[in-house]
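Here it is: the structure, laid out below.
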Amino acid sequence: MTLQLKSSDFNDDASRVARRLIGAILLVDGVGGRIVETEAYDRDDPASHCFGGRTSRNQAMFGPPGCAYVYRSYGIHWCLNFVCREQGHGAGVLIRALEPLYGLDVIRERRDGRPLRELCSGPGRVGQALAIHRDYNGHPLDRPPFEVWAAEAPLPVSVGPRIGISKAVETPWRFGLTGSGFLSKPFREGAKTGPSPKP
DNA sequence: CCTAGGATTAGCT
DNA sequence: GCTAATCCTAGGC
């Protein structure tokens, strides 16, 4: 944990940011862990909340890069995204899963004592574990309560289609730490890219 | 104004 | 595998 990401690190294509975030450490009030799964969403992407332009819900995604975009999912869950690209573009990275490492007691309590594997393995679970809520919408990620620390070494990253969407279902903008036991779902075999572990 | 449906999860069959 | 839970936005009239 040596390099804290700043807003300029997010001024890039969402897919590149999404891949680069695998292995990074995300903390909210000191609680969190290693990011093991992300998805990219862009403006000209029918699956994105930004598709069709600016609305009251998605306005944070059109704000400065390196801020949070928080949305309510299925009326139940709060999901966390990192805003990407230049201000006004409309792009983001959904944080889909963490390997919980910091503040485990707090996380377990918020997650009702569920098993370790189920604490942060899904976007709604991440939201609950880190106590994400609407007041964080638009909040800069390089200021408290957020901290995002860069991954320290190149890691094996799996790539595949995004989950739970009905449009652009084939776009391979889901990224995951290869072999992690904390993914929301496994990746198809052979969906690897970047450095891979020796067989 | 009205309402369909969603970047999900947990619990049950 | 199936589906209820639950809110609120976005889009239609």
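Protein chains get the first letters and strands the later ones, always in sequence-line order, with residue 1 at the start of each.
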Taking only Watson-Crick and G-U wobble pairs with both distances under 3.5 Å, what dot-bracket line describes DNA chain C, where [ ] shows pairs that cross earlier ones and | shows pairs with another strand?
|||||.||||||.

Heavy atoms only, 4.0 Å cut-off, all strands: where does A:R162 land among base, sugar-phosphate and nothing?
nothing

Could you check whether A:I76 gets within reach of a base, just the sugar-phosphate, or nothing at all, counting any heavy atom under 4.0 Å?
base

Do the charged groups of A:R85 and A:D12 touch, with an N to O distance under 4.0 Å?
no

When you compare C:dT6 with B:dC2, how far apart are their P atoms, in angstrom units rounded to a whole number?
23 Å

For nucleotides 4-6 of chain B, which of its nitrogen or oxygen atoms have a protein nitrogen or oxygen under 3.5 Å away, and what is each distance?
none

Check this for me: does any side-chain nitrogen of one of A:D9 and A:R20 sit under 4.0 Å from a carboxylate oxygen of the other?
no

Touch check for A:R111, heavy atoms < 4.0 angstrom, all strands: base, sugar-phosphate only, or nothing?
sugar-phosphate

Could you tell me if the side chain of A:E147 sits less than 4.5 Å from the side chain of A:I25, heavy atoms only?
no

Where each residue is assigned the nucleotide of DNA chain B containing its nearest heavy atom, which of A:R114 and A:S48 is assigned the position nearer the 5′ end?
A:S48

With nearest nucleotide decided by heavy atoms, which residue, A:D112 or A:Y69, maps closer to the 5′ end of DNA chain B?
A:Y69

Please work out which of the three classes, parallel, tilted or perpendicular, describes the rings of A:Y71 and A:Y69, given edges at 30° and 60°.
parallel

B:dA7 base stacked by A:Y41? Criteria: ring centres under 5.5 Å, plane angle under 30°.
yes

Is A:R54 close enough to C:dA10 that one of its side-chain N or O atoms is under 4.0 Å from OP1 or OP2 there?
no

Which part of the nucleic acid, if any, lies within contact of A:S184, taking any heavy atom under 4.0 Å across all strands shown: a base, the sugar-phosphate backbone alone, or nothing?
nothing

